[in-house]
Amino acid sequence: MSKPAPKPWIDAIAPYVPGRSTTDDGRKVSKLSSNENPLGTSDQARAAYAAAATTLDRYPDASAAALREAIAAQHGLDPARIIYGTGSDEILHLATGAFAGLGDEVLFVRYGFSVYPIAARRVGAEPIEADDKDYATDVDALIAKITPKTRVIFVANPNNPTGTFAGKAEIARLHAAIPADCLLVLDQAYAEYLEVGEDDGGLALAMSAPNVLVTRTFSKIYGLAAERIGWGYGSAEVIDALHKIRAPFNVTTGGQSAAIAAVADTAFVDKSRAHNAKWLRWFEDQIAGLGNAGLRAVPSKANFSLVLFDGKLTAEAALKGLMDAGYIVRWLPGQGLPNALRITIGTEDECRGMVAALRKLVDNAG
Ligand SMILES: *Cc1c(COP(=O)(O)O)cnc(C)c1O
């Protein structure tokens with residue numbers, strides 16, 4: 001019998017796998033698998049979200065005007081050139097939807113964010129991977145993979161799941177080598193975790209170059225993952241194209257209110273950044289201190305660490321052992337990383353407890 005057939009490029013999608021929050025046997029444990037903020041959410045953002053409950057019967061502001069103003073004021077941007085999305089995830093999809101299609105190529109680095117191949121395939125485009133350089137973005141490898149069919153290039157910076165960062169000179173060099181008709185999307189989901197003053201130059205590029213789109217999210221340092229709020233910055237022409245295909249009313253009233261308050265609460269962001277910097281460094285030192293057990297933490301500038309397991313203790317065994325000890329981390333065999341775990345930096349207690357559990361697993365593996 002005949003039946004509706006998904007388009008072949010949709011059939012080819014390997015679905016996104018979210019971080020888990022319960023163990024195999026259903027216990028709720030410390031979730032260090034989705035790069036959420038262990039300090040929670042700004043109190044002001046939470047209060048603004050609660051206050052928005054008085055207007056649940058009304059559609060949100062479709063133009064997200066106050067949110068765009070708040071973001072623009074903080075970053076020195078033109079509010080008219082800010083796009084907003086149901087998470088920055090929507091904006092990544094809008095970018096491929098507006099600028100790539102059947103027969104086109106969408107390029108990104110190996111061990112890049114897992115949404116990029118989905119976004120490419122969704123519109124019938126071909127996902128193309130460039131080699132990494134020891135898990136980091138290799139600008140030359142990306143440049144070498146550009147063809148006349150390349151329409152969109154994604155670079156997450158810092159990258160997820162590796163945590164690696166390409167500096168301003170590298171990003172400028174990449175941009176200089178990209179054809180003018182090809183869109184460079186700089187996904188800065190973790191930019192707020194960089195040291196103050198550290199910057200890949202993406203927003204400055206997006207201000208002047210017609211083919212650069214920067215994306216940001218409220219899901220990570222701002223602690224608003226539940227509300228799904230992201231934004232992007234690009235030329236007026238790029239932003240206009242994205243608006244044409246975004247869902248109307250795509251950011252909720254509660255989300256807009258919470259995000260506006262979150263932008264204003266710089267103390268919470270500073271505290272979150274400082275906590276992460278301290279415990280990320282501590283965590284990397286602890287992994288290095290495990291000696292010749294075959295573990296290595298890829299140097300990270302985000303709020304997680306990719307740990308490679310090349311000794312007696314395998315990543316899969318460590319995943320199970322940590323789960324038994326009450327910590328859920330991320331194993332990524334589907335992304336070509338069967339020998340690695342991505343571990344979110346949690347609270348002090350979570351960091352200490354998880355490392356103690358890991359140390360025990362290493363010792364027991366002999
Ligand atoms: C988490 C993440 C995002 C976005 O998440 P949203 O919640 O959809 O805003 C985008 N890019 C990368 C690299 C991420 O890790």
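Just follow the structure's listing: the first ligand is 1, and inside any ligand the first atom is 1.
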- Ser219: numbered ligand 1 atoms lying under 4.0 Å from its heavy atoms: 6 (P), 7 (O), 9 (O)
- Item | Gap between atom CG of Leu174 and atom CG of Asp140 - 0.5 Å precision | 9.5 Å
- Task: Check each atom of ligand 1 against the heavy atoms of Asn160 and keep those under 4.0 Å away; list them by number with element.
- Result: 13 (C), 14 (C), 15 (O)
- Looking only at non-hydrogen atoms, the one of Lys220, Arg228, Glu227, His93 nearest atom 8 (O) of ligand 1 is Arg228
- Query: How would you list all residue pairs meeting ring-ring contact (aromatic ring centres under 6.0 Å, His included) that involve residues 143-194, not counting sequence neighbours?
  - Reply: Tyr116-Phe154, Tyr190-Phe304
- Hey, are Arg330 and Asn35 close enough side-chain-wise for a donor-acceptor pair under 3.5 Å? no
- Min over Thr217, Asp187, Val185 of heavy-atom distance to atom 9 (O) of ligand 1 lands on Thr217
- Residue-ligand contact Tyr190/ligand 1, heavy atom below 4.0 Å: yes
- Query: Any ion pair linking Glu198 and Lys301 (charged N to carboxylate O, less than 4.0 Å)?
  - Reply: yes
- Message: Quick one about Arg216 and Tyr233 (side-chain donor to acceptor, distance below 3.5 Å, no hydrogens or angles considered), yes or no?
- Response: no
- Note on the structure: min-distance protein heavy atom vs atom 5 (O) of ligand 1 -> Ser88 OG, 3.6 Å
- Message: Looking only at side-chain N and O atoms, does Glu227 offer a donor or acceptor that is under 3.5 Å from a partner on Thr252?
- Response: yes
- Item | Residue-ligand contact Gly230/ligand 1, heavy atom below 4.0 Å | no
- Message: Looking only at the side chains, is there a donor atom on one of Glu170 and Thr137 sitting less than 3.5 Å from an acceptor on the other?
- Response: no
- Message: Could you tell me, atom by atom, which parts of ligand 1 come under 4.0 Å of a heavy atom of Ala189?
- Response: 2 (C), 3 (C), 10 (C), 11 (N), 12 (C), 14 (C)
- Message: With the threshold set at under 4.0 angstrom, would you say Glu90 reaches ligand 1 through any of its heavy atoms?
- Response: no
- Can you list the ligand 1 atoms lying under 4.0 Å from a non-hydrogen atom of Gly87? 6 (P), 8 (O), 9 (O)
